[in-house]
2 protein chains.
Amino acid sequence: MRIGELATKTGVSVRALRYYEEQALLIPVRSSGGQRHYPDSAIDRVHLIQMLYAAGLSSRTILDLLPCVDAKVNTPQSRALIRAERGRIDQQITRLTQARDRLDAVIAFSESPASGCTRMDTTPQ
Amino acid sequence: MRIGELATKTGVSVRALRYYEEQALLIPVRSSGGQRHYPDSAIDRVHLIQMLYAAGLSSRTILDLLPCVDAKVNTPQSRALIRAERGRIDQQITRLTQARDRLDAVIAFSESPASGCTRMDTTPQ
DNA sequence: CTTGTCTCTCACGTCAACGTCAGGTTCTAG
DNA sequence: CTAGAACCTGACGTTGACGTGAGAGACAAG
């Protein structure tokens, strides 16, 4: 399929797909006229890339991880790399959980009768 | 205390503290000569700000949240705001957990005897 | 063949959270 | 009083993941 179709099927922009190619994350074949053509499997790969981006990984890190996730590469080094990134994600989850707990504490306090509630409204919308 | 001392005590840069003031997150008093002076409580506040930044919140969002966390503001709107941000953090935790699980699956597969392990080395360093 | 839609390659713009440099001022130790 | 450290205000630089045109080529439909 061409780039526009892949874009609509995955929900990412055409620009983003070109950027992925620039970062060597997703290399399409080219038609005689120079247009990009992607296989169906590209849909899943885009979703995977998006998942890793959403987890806060950089293009470079994703580039390093993809061959491992593809299970085409399986060396002690690649396993160490994956474990390292897993650790980073874990740390970030810890940080986010701490922040969430902090907000939960604020919520609990602000809703307790003991707090100096302005009481403009008791019934939540 | 002055800005340098606060910087070393909190581990953030002087530039960052000036930036926090620019974003109205932490307003110091000024000496007659124009130098910033912070109370001891600023240390905790910087740590709180750093925690929220680390959770991926923007300056603007933090600015909105701080009065609530300070428990100086407690309106239905402020509570809704906190819950909304809590929800965002929760979503991000979900995303991160999915990505982590994905990597775990890769790890499990790459370490299973069935995988085409290159077996360059069996003993981990 | 023409029209319209899609696509191509530059290449500059954006936004956030600072880093960094310049040139000048304030404070503190001796 | 004076040196030097710490501080001040601009103001431009950085990084990553794209957004946004500009101008030109590719391709299906009639």
Side-chain angles (χ1 to χ4, degrees), chain A residues 1-39 42-43 45-66 85 88-89 92 95-96 99, chain B residues 1-39 42-43 45-66 85 88-89 92 95-96 99:
Chain A
M1 77 189 80
R2 292 194 297 172
I3 196 169
E5 189 180 348
L6 181 59
T8 58
K9 282 188 177 174
T10 57
V12 313
S13 69
V14 168
R15 177 67 174 96
L17 294 176
R18 295 204 189 100
Y19 179 75
Y20 295 168
E21 181 182 9
E22 200 179 312
Q23 302 300 307
L25 301 180
L26 179 58
I27 310 290
V29 296
R30 298 297 187 120
S31 72
S32 55
Q35 301 201 341
R36 296 170 176 84
H37 283 269
Y38 298 88
I43 298 177
R45 167 156 289 227
V46 169
H47 286 148
L48 174 60
I49 293 172
Q50 286 287 102
M51 162 179 269
L52 295 177
Y53 271 132
L57 304 194
S58 68
S59 291
R60 176 67 213 204
T61 304
I62 295 177
L63 178 60
D64 292 339
L65 285 184
L66 277 182
E85 290 311 319
R88 257 182 260 261
I89 293 177
Q92 184 61 11
R95 277 193 288 266
L96 282 165
Chain B
M1 78 188 78
R2 294 193 296 172
I3 196 168
E5 189 180 349
L6 181 59
T8 58
K9 281 188 179 176
T10 57
V12 312
S13 69
V14 168
R15 177 68 175 93
L17 293 176
R18 295 204 188 101
Y19 178 75
Y20 296 167
E21 181 183 9
E22 200 178 311
Q23 301 299 307
L25 300 179
L26 179 58
I27 310 290
V29 296
R30 297 297 188 119
S31 72
S32 56
Q35 300 201 343
R36 296 170 177 84
H37 283 269
Y38 298 89
I43 297 176
R45 167 155 289 228
V46 169
H47 285 147
L48 175 58
I49 292 173
Q50 287 286 101
M51 161 179 269
L52 295 177
Y53 271 131
L57 304 193
S58 67
S59 291
R60 176 67 213 205
T61 304
I62 296 176
L63 178 61
D64 292 339
L65 284 184
L66 278 181
E85 291 309 320
R88 257 182 260 263
I89 292 176
Q92 184 60 10
R95 276 192 289 267
L96 282 165

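A note on names: the letters A, B, ... follow the listed sequences, proteins ahead of strands, and every chain is numbered from 1. Bear in mind that the values here come from a model prediction, so they are computed numbers and not experimental data.
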Subject >> nucleotides 19-30 of chain D: protein proximity per nucleotide (B base, S sugar-phosphate only, - neither; heavy atom, under 4.0 Å) >> reply: BB----BSS---
Please tabulate, for side-chain N and O atoms in residues 46-57 of chain A, each donor-acceptor pair with protein atoms closer than 3.5 Å (sequence neighbours left out).
unit_1   : atom_1 : unit_2   : atom_2 : d
His47(A) : ND1    : Ile43(A) : O      : 3.4
Gln50(A) : OE1    : Tyr20(A) : OH     : 2.4
Tyr53(A) : OH     : Ser59(A) : OG     : 2.4

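Whole-Å rounding puts the Gln23(B) CD to dC15(C) C1' distance at 12 Å. What separates CG of Leu25(A) from P of dC18(D) is a distance of 10 Å, to the nearest Å. Computed from coordinates, the Leu17(A) CG to dT9(C) P distance equals 13 Å when rounded to whole Å. Between the CD atom of Glu21(B) and the P atom of dC7(D) there is a distance of 14 Å, given to the nearest Å. The distance between atom CD of Glu22(B) and atom C1' of dG10(D), rounded to the nearest whole Å, is 11 Å. The CD atom of Glu5(A) sits 18 Å away from the P atom of dT5(C) (whole-angstrom rounding).
Annotation: side chain to side chain contact (heavy atoms under 4.5 Å, CB included) contacts of Ala7(A) (sequence neighbours excluded): Val14(A), Leu17(A). Legend: residues meeting side chain to side chain contact (heavy atoms under 4.5 Å, CB included) with Ser58(A), ordered by chain and number and at least two apart, are Arg60(A), Thr61(A). Residues forming a side chain to side chain contact (heavy atoms under 4.5 Å, CB included) with Arg88(A) (at least two apart in sequence, or on another chain): Glu85(A).
Put simply, Arg36(B) has no side-chain N or O that comes within less than 4.0 Å of OP1 or OP2 on dC7(D). At dA17(C), one or more side-chain N or O atoms of Tyr19(B) fall inside 4.0 Å of OP1 or OP2 (strictly under the cut-off). For Tyr53(B) and dA16(C), the shortest distance from a side-chain N or O to OP1 or OP2 is not below 4.0 Å.
Between the CD1 atom in Ile27(A) and the CZ atom in Arg45(A) there is a gap of 9.5 Å [rounded to 0.5 Å].
Evaluation of the salt bridge (charged side-chain N to carboxylate O under 4.0 Å, His left out) test over residues 10-24 of chain A, restricted to residues two or more places apart or in two chains, returns Glu21(A)-Arg30(A), Glu21(A)-Arg36(A).
Nearest nucleotide to the Ser59(B) side chain, out of dA17(C), dT9(C), dC18(D): dA17(C).
Within the 4.0 angstrom heavy-atom criterion, only backbone atoms of the sugar-phosphate kind lie near Arg30(B); the bases stay farther away. Leu57(B) comes within 4.0 angstrom of the backbone, heavy atoms only, and of no base.
Heavy-atom minimum distance, Ala99(A) versus Ile89(B): CB-CD1, 4.2 Å.
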